[in-house]
Amino acid sequence: MKEENYLGRKENPLLVYYNQNERFAQLLNGWLFRGRPRLEAGDIKEADRRAEGKRGKSGKRREYRSRYRDLYKRLDSAAVRLYVGAEPMEYVDYAMPLRVMDSDTLSYLHQKKEISRKYAEHKGLEGDEYLSRFTKKDRLLPVVTLVLYCGERPWDGARSLHGMLELDGVPEELKEYVEDYSLHILDVCHTPDERLREFPPEICFLLMCIKYAGDKEALLRLRELAECSGISEDTCETVESYLDMPEFLEHGDGIEEGGKINMTDRFRKLLEEERQEGREEGREEGREEGVSQTKKIFKLAGAGASPEEIARQLSVPEERVLQILE
């Protein structure tokens, strides 16, 4: 199975959701600025998700490599100028430090290439600047990559390049020259609720839904856990798609003032329906079991077994056997 097919199954709802500049800004406010409203939708700009670079030659042909970020936005404000790529994941990529480092490197090379292109025909550059096609005053925008991990088990992969290296036999004096490269991971299912509550309310609600997806009783308390009274339609649709609960949207009531959706009512109705279905299945199983037991009793009785023997063989009260035979 190709990796991209596997990755696309549950991540697509989150990618569509966070591709909205407003939601992307809210995610960063909670993640980078601990809940402070530093960014708004207008601060987010689109950026080219593709990053390309030369790989080398294969025979006479030059090969190129490409990387695509799941989300790649540009921030351009007086306070901060960053390229930020958020990569939602639902599995542990044990080579993630290399993947992120490679993507970031290609992003920087892409910026440098764009700057050098301006100097291609420029006659004013001399010496080292001419050879570099890059002046002492040129600057690249910093690149930050965030990894949004939504897996059920804790992230147990390396959180930096050093975590992937065999350093046991390396002298301490040499280790300081081995450059490291750290990851920025939000392990949603294993992040304390207090930290998730630093995100804006609807982002917090969505993260809490992911964290407690397997705990239906906790879903009934999300209003309290996320400190969010109601959510918008796009958040509701993302929850439905990610949790794979198509019946979720069928409960169209519970609309609060301001057009917000009361998710607690919807979770409660879904849970009650599941419980009712469970009771019906239990009753049906009981009926089927009763019919089967009756058939066995008549079969043994027809073979000449006494009520006492039948009761002993089927582990049922003798009174029950007599009642059925009568």
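Residues: numbered from 1 along the sequence shown.
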Phe199 to Trp31 - nearest heavy-atom pair and separation: CE2-N, 3.4 Å
Check: Tyr119/Arg133 side-chain N/O donor and acceptor closer than 3.5 Å: no
Check ion pair Asp43-Arg38 (N to O, under 4.0 angstrom): no
Stepwise side-chain contact (heavy atoms from CB on, under 4.5 Å) test for Ser232 and Arg23: CA-CA 11 Å; Ser232 304; Arg23 298 305 187 192; 3.7 Å; yes
Heavy-atom side-chain contact between Leu75 and Ile44 under 4.5 Å: yes
Under 3.5 Å donor-acceptor, Lys45 side chain and Gly42 backbone: yes
4.5 Å side-chain heavy-atom contact, Met164 and Met96: no
Within one Ile-Leu-Val-Met-Phe-Trp-Tyr cluster: Met89 and Val16, side-chain cutoff 4.5 Å: no
Over all atoms of both residues, closest heavy-atom pair of Pro154 and Asp187: CA-OD2, 3.6 Å
Co-membership, hydrophobic cluster, residues Leu161 and Leu174, 4.5 Å side-chain: yes
Donor-acceptor under 3.5 Å (Glu179 side chain, Tyr181 main chain): no
Carboxylate-amine/guanidinium contact Lys73 Glu46, below 4.0 Å: yes
Between CG on residue Asp104 and CZ on residue Arg99, distance to nearest 0.5 Å: 11.5 Å
Side chain Asn29, main chain Pro37, donor-acceptor under 3.5 Å: no
Separation between SG of Cys204 and CZ of Arg195, rounded to the nearest 0.5 Å: 10.5 Å
Point-to-point distance, once rounded to the nearest 0.5 Å, from CG of Leu140 to OH of Tyr108: 7.5 Å
Heavy-atom side-chain proximity of Arg221 to Tyr212 below 4.5 angstrom: no
Pair Ser107, Tyr72: side-chain N/O donor-acceptor within cut-off below 3.5 Å: yes
Stepwise side-chain contact (heavy atoms from CB on, under 4.5 Å) check, Arg153 with Val92: CA-CA 9 Å; Arg153 61 189 180 91; Val92 177; 4.1 Å; yes
Val178 backbone acceptor or donor facing His162 side chain under 3.5 Å: yes
More than 12 heavy atoms of other groups within 6.0 Å of Asp128 CG: no
Beyond-backbone contact of Leu225 with Leu196, side-chain heavy atoms, under 4.5 angstrom: no
Shortest non-hydrogen contact between Cys150 and Leu14, atoms and distance: SG-CD1, 3.8 Å
Enclosure of Gln20 CD (heavy-atom neighbours >12, cutoff 6.0 Å): yes
Nearest heavy atoms of Lys112 and Ser132, plus distance in Å: NZ-O, 3.1 Å
Where Leu71 and Tyr18 come nearest, the two heavy atoms and their spacing: CD1-CB, 3.5 Å
Test side-chain hydrogen bond (donor to acceptor under 3.5 Å, both in side chains) applied to Ser160 - qualifying residues, sequence neighbours left out: Asp180
Side chains of Tyr17 and Ile203 in contact at under 4.5 Å (non-hydrogen atoms): yes
Worked check of side-chain contact (heavy atoms from CB on, under 4.5 Å) between Leu39 and Phe33: CA-CA 9 Å; Leu39 301 173; Phe33 303 113; 3.8 Å; yes
pair His184-Leu32: side-chain heavy atoms closer than 4.5 Å: no
Any Phe205 side-chain heavy atom under 4.5 Å of Cys209 side chain: yes
Flag side-chain contact, heavy atom, 4.5 Å: Pro88 against Leu15: yes
Euclidean distance, Met208 CE relative to Thr191 OG1, rounded to 0.5 Å: 10.0 Å
Donor-acceptor contact below 3.5 Å, side chain Arg159 vs main chain Ser182: no
Test item: Asp138 side-chain N/O and Thr135 main-chain N/O as donor-acceptor pair under 3.5 Å: yes
Common cluster, Ile115/Leu131, ILVMFWY with side-chain heavy-atom separation under 4.5 Å: yes
Closest heavy-atom pair and its distance - His190, Gly151: CE1-O, 3.9 Å
His110 (side chain) donor-acceptor with Thr105 (main chain) under 3.5 angstrom: no
Nearest-0.5 Å distance, CG of residue Asp234 to CD of residue Glu237: 7.0 Å
